[in-house]
Amino acid sequence: MLCFFPLGYYLYQELKNRVRTWEKVILVLFFVTPVMTILGASSRGAQLALAIQCILMFYRKLFRMKVIIGIAATAFLVITFLPEEQKVRFTEMGEDKTSQQRLLYWENGIEMIKNHPALGIGYFNFIPYYERYFHEDMLYPEAELPHNIFIQIGTDAGLLGLSIYILLLLRFFQKPSYHHKIDDPVYRAASKGIALGMLGFVVAGQFVTVGYYPYMWIGLALFVALQNAYKPKPNNEAF
C-alpha cells in the first residue's frame with residue numbers, strides 16, 4: 001500500500017482535470033484506500049513510513065492554514081477512531097515485549113552475518129538457526145523472521161547478496177542523466193510516485209520482513225519501463 005499511495009496521489013493530481021467525474025472518483029480511491037489499509041493494518045512500521053511519505057510530499061504546504069486545519073482534523077479523527085490496542089502499541093514502542101524481541105533479532109542477525117559473511121546461513125534459515133544458536137534470546141516459544149529487510153537478505157545470502165540488493169536500490173534512486181530534460185507531466189507524476197513508493201517500502205522494511213515480497217520488484221520493473229518509455233532515441237533511429 002505504501003507503494004501505491006504516492007503513485008495514485010500524483011497521478012490523480014495530474015489527471016484530475018482531464019478525466020470524467022467517475023474516472024476522477026476511481027483515481028481518488030487509488031490513493032485513499034491504501035491509506036485506509038495502512039491505518040487499519042496496525043503496522044507501526046508501515047504507519048511511520050506513511051508519515052514520512054506525507055512529510056516529503058506536502059512539506060512545502062505544511063504551514064498553509066488550510067493544510068494545518070486539515071492535518072489537525074485528520075489527527076483528531078485518527079486519535080478518536082484508532083483502536084485502543086493500537087494506541088497502546090505506539091506508547092509502548094521500544095519497551096514492549098515485541099519490540100525487545102525484534103531488537104534481539106537485529107542484534108543476533110548482525111552476528112550471523114559476521115559469522116557467515118560471504119554467503120550467509122542460507123535461504124530462509126534464519127528461524128531454525130536462531131532457535132538453535134540463540135535460544136536464550138527467545139522471548140516467545142518460537143522464533144520469527146528478523147523483521148528487517150537488510151538483516152533478512154544479509155543472513156540469507158551474506159554480504160554478497162546484500163550488496164547486490166543494496167545496489168539495486170541505489171540504482172533505482174539514482175536519476176538518469178536525461179531525467180530533468182523530460183517535461184512530460186505524466187512522466188513527472190509517475191516518477192515521483194514510484195520513487196516515494198519505494199522509499200516507503202524501504203522505511204517500512206526496517207521493521208517487517210518483506211525482502212522477497214513482490215513490491216520492490218514491481219517498483220523496479222515500473223522504474224525500468226518508465227525510463228525506457230521516455231528514453232531519448234538516437235538521432236539516426238527510424239521513427
Side-chain angles (χ1 to χ4, degrees), residues 1-7 34-35 37-57 59 78 82 86-114 116-117 120-121 123-127 129-130 134 137-140 143-174 192-220 223:
M1 296 299 104
L2 290 165
C3 296
F4 298 148
F5 160 62
L7 179 60
V35 173
T37 302
I38 292 168
L39 295 177
S42 299
S43 171
R44 291 175 292 189
Q47 291 166 359
L48 174 62
L50 176 63
I52 292 175
Q53 284 181 327
C54 289
I55 291 173
L56 293 175
M57 290 168 66
Y59 72 95
V78 170
L82 197 67
Q86 181 67 5
K87 297 178 185 177
V88 172
R89 280 169 57 83
F90 271 103
T91 57
E92 296 181 350
M93 188 165 52
E95 299 178 357
D96 60 302
K97 188 177 179 181
T98 300
S99 298
Q100 292 299 320
Q101 181 63 84
R102 292 186 182 185
L103 290 173
L104 290 172
Y105 287 152
W106 298 349
E107 178 183 345
N108 293 320
I110 292 173
E111 285 299 315
M112 293 182 197
I113 297 173
K114 289 180 179 179
H116 304 273
I121 59 175
Y123 180 68
F124 266 96
N125 276 341
F126 183 90
I127 292 177
Y129 191 98
Y130 194 95
F134 299 98
D137 285 336
M138 290 175 55
L139 305 183
Y140 294 93
E144 297 178 328
L145 291 171
H147 292 273
N148 182 285
I149 56 175
F150 297 124
I151 293 178
Q152 178 188 16
I153 303 300
T155 53
D156 281 9
L159 295 177
L160 178 61
L162 180 60
S163 298
I164 296 173
Y165 193 83
I166 293 175
L167 285 173
L168 286 171
L169 288 171
L170 291 176
R171 179 64 185 89
F172 173 86
F173 289 111
Q174 179 187 3
K192 288 192 295 184
I194 295 171
L196 275 170
M198 187 66 78
L199 178 63
F201 170 84
V202 172
V203 172
Q206 305 313 298
F207 308 98
V208 290
T209 315
V210 293
Y212 304 121
Y213 279 33
Y215 311 118
M216 171 178 167
W217 314 108
I218 292 173
L220 292 175
F223 167 76

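We're numbering straight along the sequence, starting at 1.
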Taking all non-hydrogen atoms of both residues, which atom of [X] and which atom of [Y] are closest, and how far apart?
X	Y	value
Phe4	Pro34	CB-CG, 4.1 Å
Phe201	Cys3	CB-SG, 4.1 Å
Val210	Gly205	CG2-CA, 4.2 Å
Ala49	Leu2	CB-CD1, 3.6 Å
Leu168	Leu220	O-CD2, 4.1 Å
Gln53	Gly200	NE2-CA, 3.6 Å

Nearest-0.5 Å distance, [atom1] of residue [X] to [atom2] of residue [Y]:
X	Y	atom1	atom2	answer
Ile153	Thr209	CD1	OG1	10.0 Å
Leu56	Ile52	CG	CD1	7.5 Å
Leu162	Leu167	CG	CG	9.5 Å
Leu199	Ile194	CG	CD1	14.0 Å
Met216	Leu169	CE	CG	4.0 Å
Phe126	Asp156	CZ	CG	9.5 Å

| said: Run Tyr165 and Ile149 through side-chain contact (heavy atoms from CB on, under 4.5 Å) and show every step you take. | reply: CA-CA 10 Å; Tyr165 193 83; Ile149 56 175; 4.1 Å; yes
| field | Tyr129 and Phe134 aromatic ring geometry - parallel, tilted or perpendicular at 30°/60° bounds | value |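 Tilted: the ring planes of Phe134 and Tyr129 meet at 30° to 60°.
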| Phe207 vs Trp106 aromatic rings, parallel, tilted or perpendicular, using cut-offs 30° and 60°? |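 It falls in the tilted class, 30° to 60°.
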| Is it true that the side chains of Tyr105 and Asn148 contain a donor and an acceptor less than 3.5 Å apart? |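 Side chains of Tyr105 and Asn148: no pair found under 3.5 Å.
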Decide yes or no for [X] and [Y]: does some side-chain heavy atom of the first lie under 4.5 Å from some side-chain heavy atom of the second?
X	Y	value
Gln206	Phe150	yes
Met1	Ser43	no
Arg44	Thr98	yes

| field | Chi angles and distances behind the side-chain contact (heavy atoms from CB on, under 4.5 Å) call for Tyr130, Thr155 | value | CA-CA 11 Å; Tyr130 194 95; Thr155 53; over 6 Å; no
Greater than 12 external heavy atoms within 6.0 Å of [X]'s [atom1]:
X	atom1	answer
Phe172	CZ	yes
Tyr212	OH	yes
Phe223	CZ	yes

| query | Listed by chain and number, what are the salt bridge (charged side-chain N to carboxylate O under 4.0 Å, His left out) partners of Glu111, not counting sequence neighbours? | reply |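 Checked Glu111 against salt bridge (charged side-chain N to carboxylate O under 4.0 Å, His left out); matches are Lys114.
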| field | Contacts of Glu107 that satisfy side-chain contact (heavy atoms from CB on, under 4.5 Å) - sequence neighbours left out | value |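 Listed in chain order: Leu104.
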| said: Determine whether a donor-acceptor pair (N or O, by modelled atom type, separation under 3.5 Å) exists between the side chain of Gln152 and the backbone of Leu145. | reply: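 Looks like no, no N/O pair under 3.5 Å.
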